[in-house]
Amino acid sequence: MINDTPRVRFAPSPTGYLHVGGLRTALYNYLFAKRNNGKFVLRIEDTDRNRYVEGAVENLINALKWCGLDYDEGPDKGGDYGPYMQSQRLEIYKEHALQLVENGHAYYCFCTPARLEELKKEQQAAKLPQAKYDKHCLSLSNDEVAAKLNAGEQYVIRLNVRPGQKVAFTDIIREYVEFDSNNIDDQVLIKGDGYPTYHLANVVDDHLMKITHVVRGEEWLSSTPKHVLLYDFFGWEKPIFAHLPLLLNPDRSKLSKRQGDVAVEDYRAKGYFKEALVNFVSLLGWNAGDDKEFYYLNELAEKFSLERVNKAGAVFDIEKLNWLNAEHLRAKDPADLLQTLKDELTAAGIGFTDKTDDYLKNVIAVMKERVSFVKEYIEKSPYFFLPVTSYDENSKLKNWNPDTGAQMTRLKDEFLKLGDSPVKEDYESALKNVAAELNIGAGKLIHPLRLSTSGMAAGPGVYDIPVVLGKAETVKRIEDAITRLQ
RNA sequence: GGCGCGUUCGUCUAGAGGCUUAGGACGCCGCCCUCUCAAGGCGGAGAUCACCGGUUCGAAUCCGGUACGCGCUACCA
C-alpha cells in the first residue's frame, strides 16, 4: 500500500462552515498529495444526525473551492471509491461491524443510557482512574443476544478491547506513541440509530478508499489507538498517521469562535484574498527551512513535506495575516483587482457607471502601496469615487493662508493651459513654474493642491491625483476649494 | 482525576551536540527617502532556548524528572 500512489483525504463533519483549522488540515493534505503526485479525496463525515446542518456540505465545498483546494474525488465529483458521504455508506459499516462481532472483536450491547450513566457515577464515586464500559453485555450468550434482537431491543455494537496490551503506532510528526489498552474504552462502533461512530466509519472508509496517509488534527491522537485496534482486528494494513498541531487563540486555547473569526467565509467576507489566507495558514506549523514567507499555492505544493511540520500549536496572528494580505495585494496586477474594487464600490453603495475601467485601474495603481485591502481604496481615497465634501481641518489651518486663494487661482490657470491629458510631469512643471513666478516654495502650492483635489492630508503623490482625476475635474476642484476655503 | 501531546523573542518560526555573542518574519521604536501617507532601505529594543538534574571536553539540540499549557476522556466529530 505504501508503495502505491499516495492517497490522502480531508474528512470534515458538515457543521455549517469551514473552520480555518480545517482549512489548514485540508491544505496540508492537498499539498502532500500534490507534492507526491497522489490523490486528494474529500469525504463528508455526516454520521451524527443530531448535528445535521442544512446547506453545510455546500458551504464546505464552496469554501474549499474558493481557496483553490481542488480534490480528485468527492461527493459532488465522484470517483472509484464512492459514495463519499458516510450517510450513504451505512450498509458497509454494518457489514463490517458484524464481521467483527463474528470474530469476537466486537459485541452487542443492550445497556440503556440510564444504566450507562449510573455506571459512570459509580465509577466516579469509587474514584476509578478512568470511567469505562464494564463489558456487562459481553457475557451475554448467543441465545440471549438472539432473543433480545428478535424482541426488537435497541442495541449498539461495541469494540471488544482486551486489557493489558500495548497499543502503539508511529506518527510522522509525533514519532512513536504508545498507549495501554487498559485505558481504551469499549468504544461504540454502531450507534442505536444504526449509524456508525466516527471511529468505525473512518477506519472502514480509509481502508476501502485506499487512503495511505491519515493527516488530521491533534485532537484525534488520543483516539488513534482505537483505530489501530480496528485495523488489526480487520487484518488490514494501517495507513501512516500524521497528527497536526492545533491552531490557537491569542490566549493559547483551541481556536474558537468567541475570540474572533474562525470560518473561512468570515475572512472572505472581510476582504481577505484567498492567496493570503492560504499562504498564512500554510505557515502556521510548517516552513520550508528557509526565510521565504510569501508563497502561492503552487509554490507550496513544490516544497511541502510533513516531516517539516511542527509539533506545537500555533497562535493565529491576525496582524501577520493582514501583512500578507497587503503583500498579495501589491503583487497583483491592477486589472486583477478591478472586479473586486467594483464589488466593493457596489457594496458601499457608490455608483461608478461614470468611471471607465481605465480610470479605476489608475486609482488601483496609484493607491496600491497604501492599502492592505481592496475596501481600503474607498476608505482611504473616497475622493476618487465621490466629490470632495469637506477638507481636512489640520491641513487647512496649516496650509491654507490668506494668500493661497490667489496663488491657487494662478496654478489653476496654468493647468488650464496644459494639453488635453497632461501627465504627471506636466502638472509638476506647471506647479514649479508658478511657484517660481510667485517666488514661493513649491510646498505652498503642493499642500493646497492636495487639499483641494482630495480634501485629505494623506494620499498618493500630489501629481498622481490630477492625472487620475483628469484636467477638467482637477480644475473644478481647485475652483471649489478656493470659494469654500478662502 | 486518568491518558496522551507539547514548551526557542509579544506572535509565527530557523536551529537536527561545537558554524550561535541563538538567525529571519509580523508587530513596535528610530533614521533615511520624501509634497503627505504608505511602500522601500538602514538600524534598535525584544528569547537566562519553561525549570531542575544528568550524559558529554562541549547541549536550545541527547536522557530523566518537575512545572505549566493544550487535547482526549460521548450511542460528537
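So that the names make sense, note that chain A is the first sequence line, chain B the second, and so on, each numbered from 1.
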Grab the [atom1]-[atom2] distance between [X] and [N] for me, whole Å please.
X	N	atom1	atom2	answer
A:F10	B:A77	CZ	P	16 Å
A:E175	B:C62	CD	C1'	13 Å
A:E307	B:G15	CD	P	13 Å
A:W220	B:C76	CH2	P	12 Å
A:K380	B:U36	NZ	C1'	13 Å
A:H447	B:U34	NE2	P	14 Å
A:L324	B:C26	CG	P	9 Å
A:N279	B:C26	CG	P	13 Å

Same-atom distance ([atom1]) from [N] to [M], integer angstrom:
N	M	atom1	value
B:G4	B:G40	C1'	48 Å
B:C26	B:A39	P	10 Å
B:A59	B:G17	P	14 Å
B:A16	B:U21	P	14 Å
B:G71	B:C12	P	16 Å
B:U55	B:G64	P	15 Å
B:U20	B:A47	C1'	13 Å
B:A60	B:G44	C1'	25 Å

Starting at the 5' end of RNA chain B, which residue's closest nucleotide do you reach first, A:I173 or A:Q154? A:I173

Let me spell it out: for each of A:Y463 and A:C109, pick the nucleotide of RNA chain B with the closest heavy atom. Which residue's pick is nearer the 5' end? A:Y463

Would you confirm whether [X], through its side chain, and [Y], through its main-chain N or O, come within 3.5 Å as a donor-acceptor pair?
X	Y	value
A:D251	A:S253	yes
A:K471	A:L418	yes
A:H96	A:I92	yes
A:K132	A:N182	yes

Closest non-hydrogen atoms of A:Y84 and A:M209, given as atom of the first, atom of the second and distance, are CD2-CE, 3.9 Å

A:L90 versus A:P196, closest heavy-atom pair with distance: CD1-CD, 3.9 Å

Might you list the N or O atoms of the protein lying below 3.5 Å from N or O atoms in nucleotides 8-13 of chain B, with each pair's distance?
unit_1, atom_1, unit_2, atom_2, d
B:C12, OP1, A:V315, N, 2.9
B:C12, O2', A:L283, O, 3.1
B:C12, O2, A:K320, NZ, 3.4
B:U13, OP1, A:G285, N, 2.6
B:U13, O3', A:N287, ND2, 2.7

Within the structure shown, what part of the strands sits under 4.0 Å from [X] by heavy-atom distance: base, sugar-phosphate, or nothing?
X	value
A:P460	base
A:G459	base
A:K226	nothing
A:L116	base

Which nucleotide, in any strand shown, forms a Watson-Crick or G-U wobble pair with [N], with both distances under 3.5 Å?
N	result
B:C31	B:G41
B:C3	B:G71
B:U66	B:A50
B:G58	none

Using the rule side chain to side chain donor-acceptor pair (under 3.5 Å), only one of A:N202, A:D205, A:D46 pairs with A:Q86; which is it? A:D205

Below 3.5 Å between N/O atoms, which protein atoms pair up with nucleotides 2-5 of chain B? Just atom names and distances, please.
unit_1, atom_1, unit_2, atom_2, d
B:G2, O4', A:P129, O, 3.1
B:G2, O2', A:Q130, OE1, 3.1
B:C5, O2', A:R174, NH1, 2.8
B:C5, O2', A:E218, OE2, 2.8

Exceeds 12 heavy-atom contacts within 6.0 angstrom, atom NZ of A:K412: yes

Between A:K320 and A:D317, is any pair of side-chain heavy atoms under 4.5 Å apart? yes

Proximal nucleotide (of B:C72, B:A74, B:C26) relative to the A:K120 side chain: B:A74

Of the options B:G23, B:C72, B:C76, whose atoms approach the side-chain atoms of A:K254 most closely? B:C72

Anything under 30° is parallel, anything over 60° is perpendicular, the rest tilted; go ahead and classify A:F233 against A:H105. parallel

Classify the ring geometry between A:W286 and A:F304 as parallel (under 30°), tilted (30 to 60°) or perpendicular (over 60°). tilted

Taking the six-membered ring of A:F10, is the NZ or CZ of A:R43 close enough (under 6.0 Å from the centre) and on axis enough (within 45°)? no

Does the Lys NZ or Arg CZ of A:K238 fall within the cation-pi geometry relative to A:Y231 - under 6.0 Å from the ring centre and within 45° of the axis? no

Quick one: which of A:R162, A:K226, A:K135 gives a salt bridge (charged side-chain N to carboxylate O under 4.0 Å, His left out) with A:D186? A:K135

Strictly below 4.0 Å: does A:T47 bring a side-chain N or O up to OP1 or OP2 of B:A77? yes

Nucleic acid contacts of residues 185-202 of chain A, taken as heavy-atom distances under 4.0 Å to RNA chain B: A:V188, A:K191, A:G192, A:P196, A:T197, A:Y198

